[in-house]
Colleague: 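Sharing a structure, written as structure tokens. Questions coming.
First the proteins, then the strands, lettered A, B, ... as listed; each starts at 1.
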Amino acid sequence: MTTPVLEVKDLVKHYHVRGRGQAVRAVDGVSLSIGQGEVLGLVGESGSGKSTIGKCVLRLTEPTAGSVHLSGRDITHLSRRALRPLRRDVHMVFQDPYSSLNPRFTVGQIVAEPLRRHGVARGAQVDERVREMLERVGLGAEMRGRRPHELSGGQRQRVGLARALVLEPKLVVADEPVSALDVSVQASVLNLVADLQRDMGFSCLFITHDLSVVEFLADRIAVMYLGQIVETGPTKKIFAEPQHPYTQALLSAAPEPDPARQRERRRVVLAGEVPSPLDPPSGCRFHTRCPVAVDTCRTEEPALIGVRDEERPVACHLVTATEVPDITGRD
Amino acid sequence: MSLLEITGLKVGFDTEDGEVQAVRDISLTLERGEILALCGESGCGKSVTAMSIPRLLPPDTTRLSGSIRLDGRELTELPERELRAIRGKDVSVVFQEPMTSLNPSFTVGFQIAEVLRRHENLSRSAARTRAIELLELVGIPAPARRVKEYPHQLSGGMRQRVMIAIAVACSPRVLIADEPTTALDVTIQAGVLDVFRDLRDRLGTAIILITHDLGVVADIADRAVVMYAGRAVEEAPVTELYARPRHPYTAGLMRALPSAAVTLEDGRRRLSEIPGLVPPPYADPEECAFHPRCPRAQDDCTTRRPALDTYGTGHLAACFHPLSAAAPATGGGS
């Protein structure tokens, strides 16, 4: 087996709250890996810890425990200086194309910046690579001299993509890159990401709350709840048969854009609120809202294991070789 | 007579770069107990149209013309003082961001009671009792305890429920909800949409729902108006709209959704795009505003603007070359 491009093992990130002696357990024991040219969709609601994982992978924040390997190399404790050359291989696309582009730079300068920073091209070569990259993301030569404020949201996100991809990285971490865009613009950016990914072959950690977006783009998905992965596996299999009660709730809550079908569906409205990551529930973290929880769920933490299918581990006591819980009542 | 009738509404704003035309010309009606969705993408004028009703627009720079009648009473000519008696009582608003719309220094109970004391002249204790009832109505558990809490102590979904409780405190006839679930997680959204449905069913509140989310429209609205560049391009009961969209823009929006992706011969998954950009808001073109982006556009689209035409009961579309009724539905499935 080839070495995964990204391997995260038992990652923990706790943020200490000043004066309270408590910690926000943003990420609490997450393992995942992404193979070459693979897109992993990391899905979860606000506060699930999905963005924190992205930041730990890029070392934009320091993990509390666990490890991050890039192409087999442990980067968890590398110094800033030692990390610098590796930054060529991992790039990030942010959600907000307004605040993630320097307003004083032209589009050409923004896209050229990584090339200069890593000294991989100079002079005319820089111009050539920038022109090529802008063309790839569908921006004409006339865009080079413009500044971010002169661009539409979709154009800005294309600049963000060009900047992330100009060094031909092995891994791209994309954190909600289309969430701020309108549907028609979102469609063209998603098509672009899919095409670029296929042509350039980079691996991608795609972080989003939008299930329909991961269904379109991701090869595999990992569903997070309160700092942990509750279910992971090939996208098609999970959408066809979600096994964890939380995944089922998430899929059933997303309204379908078809009135006849949407009104026929039985939706599950989860009781209660997402508990505080300062003091997560004992046992299974989802038990306080799970409609099918039993006593074991309150006391014992379920392991993320592939009882039924090795390809798709689920962290639920009720998923056994013979049974899968069903909270939606679809038969 | 409809509960609300908007006729020929135009709204512009003076800016340094000239007048921005947010709403170019729109007419619509709202019936009692109806949930009407105003949908379209950023800048189409959906929020400005709705905020014109309680006139929640900057007074110095807004140019508004046309007619807005609530129960036959013309609102556009009312002086500010009389309009104030209508806001929060006959017409109320739920905004997208509950954290910035609630006052952080007062308890939620105080903020609900404030509306009641202002419009209904309730005593302090009567208002408090009613506030607890309202929190219960919008599905907040342990309302007697929650009423004493401050906004920061509540989750996003709970804050939005508090906003709804304030908005319905005086049993408004029209409730305007501006992207009420956009900032919420999907499992929380389902619960908040249920609150709106419940209010309509129990109190008969008419609701104008402003949203860009076609899934939300499919879930809750009775009828929808699709706006583009400050005008309605299509209007229909929702089942009809999704099954037989006539305007190429409506059909394009539905096809652009990730859930409508198609698989190409080479195995690539593909979304249908709407090329180009919305026209700038400074001019009011004489032609169809959508024609530069429209796959069905022909010569006549570039010279004249199509008016709304009828296609069956309650179904209107403004297009010279509409899709046929036989066109396959594109909303769901892939």
Colleague: Do you know which of B/I188, B/V217, B/L193, B/D194 has the most heavy-atom pairs with chain A at a distance under 4.5 angstrom?
Modeller: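 The option with the most such pairs is B/D194.
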Colleague: Are side-chain heavy atoms of A/V183 and B/L214 found at a separation under 4.5 Å?
Modeller: no
Colleague: Tell me, which pairs form a salt bridge (Lys or Arg N to Asp or Glu O under 4.0 Å) where one or both residues lie in residues 198-211 of chain A, sequence neighbours left out?
Modeller: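 Every pair satisfying salt bridge (Lys or Arg N to Asp or Glu O under 4.0 Å) with a residue in residues 198-211 of chain A: A/D199-B/R268.
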Colleague: List the atom of B/P258, the atom of A/Q186, and the distance in Å for their closest heavy-atom pair.
Modeller: CG-NE2, 3.5 Å
Colleague: For a 4.5 angstrom cut-off between non-hydrogen side-chain atoms, does B/R270 reach A/L190?
Modeller: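 No - every pair of side-chain heavy atoms lies 4.5 Å or more apart.
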Colleague: Enter the distance from A/N191:CG to B/S272:OG here, rounded to the nearest 0.5 Å.
Modeller: 8.5 Å
Colleague: Show your working on salt bridge (Lys or Arg N to Asp or Glu O under 4.0 Å) between B/D219 and A/R265 and close with a plain yes or no.
Modeller: CA-CA 10 Å; B/D219 185 71; A/R265 290 170 75 195; over 6 Å; no
Colleague: Quick one: closest heavy-atom pair of B/S259 and A/S212, and the distance?
Modeller: N-CB, 4.4 Å
Colleague: For chain B, which residues from residues 134-148 of chain A lie under 4.5 Å away (heavy-atom distances)?
Modeller: none
Colleague: Please rank A/A194, A/P259, A/A187, A/A249 by heavy-atom pairs under 4.5 Å with chain B and give me the top one.
Modeller: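 The residue among A/A194, A/P259, A/A187, A/A249 with the greatest pair count is A/P259.
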Colleague: Can you measure from CD1 (B/I274) to CG (A/D182) and round to the nearest 0.5 angstrom?
Modeller: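 Taking CD1 in B/I274 and CG in A/D182, the distance rounds to 9.5 Å.
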Colleague: Testing the 3.5 Å rule here: is there a donor-acceptor pair between the side chains of A/E45 and B/T187?
Modeller: yes
Colleague: Do the side chains of B/E41 and A/S184 get nearer than 4.5 Å, heavy atoms only?
Modeller: yes
Colleague: Are there residues of residues 217-225 of chain A whose heavy atoms fall under 4.5 Å of chain B's heavy atoms? If so, which?
Modeller: none
Colleague: Could you give the distance from CD1 (B/I220) to CD (A/Q262), rounded to the nearest 0.5 Å?
Modeller: 10.5 Å
Colleague: Does any heavy atom of chain B fall under 4.5 Å from the side chain of A/S152, the backbone, both, or neither of them?
Modeller: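 A/S152 touches chain B through side-chain heavy atoms alone.
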Colleague: Measuring from A/L192:CG to B/L271:CG, what's the distance to the nearest 0.5 Å?
Modeller: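 A/L192 CG to B/L271 CG: 12.0 Å, rounded to 0.5 Å.
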Colleague: What part of B/L241 is in contact with chain A, defined as an atom under 4.5 angstrom from a non-hydrogen atom: side chain, backbone, both or neither?
Modeller: neither
Colleague: Can you establish whether the number of heavy atoms outside A/Q36 located under 6.0 Å from its atom CD is more than 12?
Modeller: no
Colleague: Indicate the atoms forming the closest heavy-atom contact of B/T239 with A/A260, along with that distance.
Modeller: CG2-N, 4.5 Å
Colleague: For chain A, find its close neighbours in residues 149-165 of chain B: heavy-atom separation under 4.5 Å, sorted by number, or none.
Modeller: B/S155, B/M158
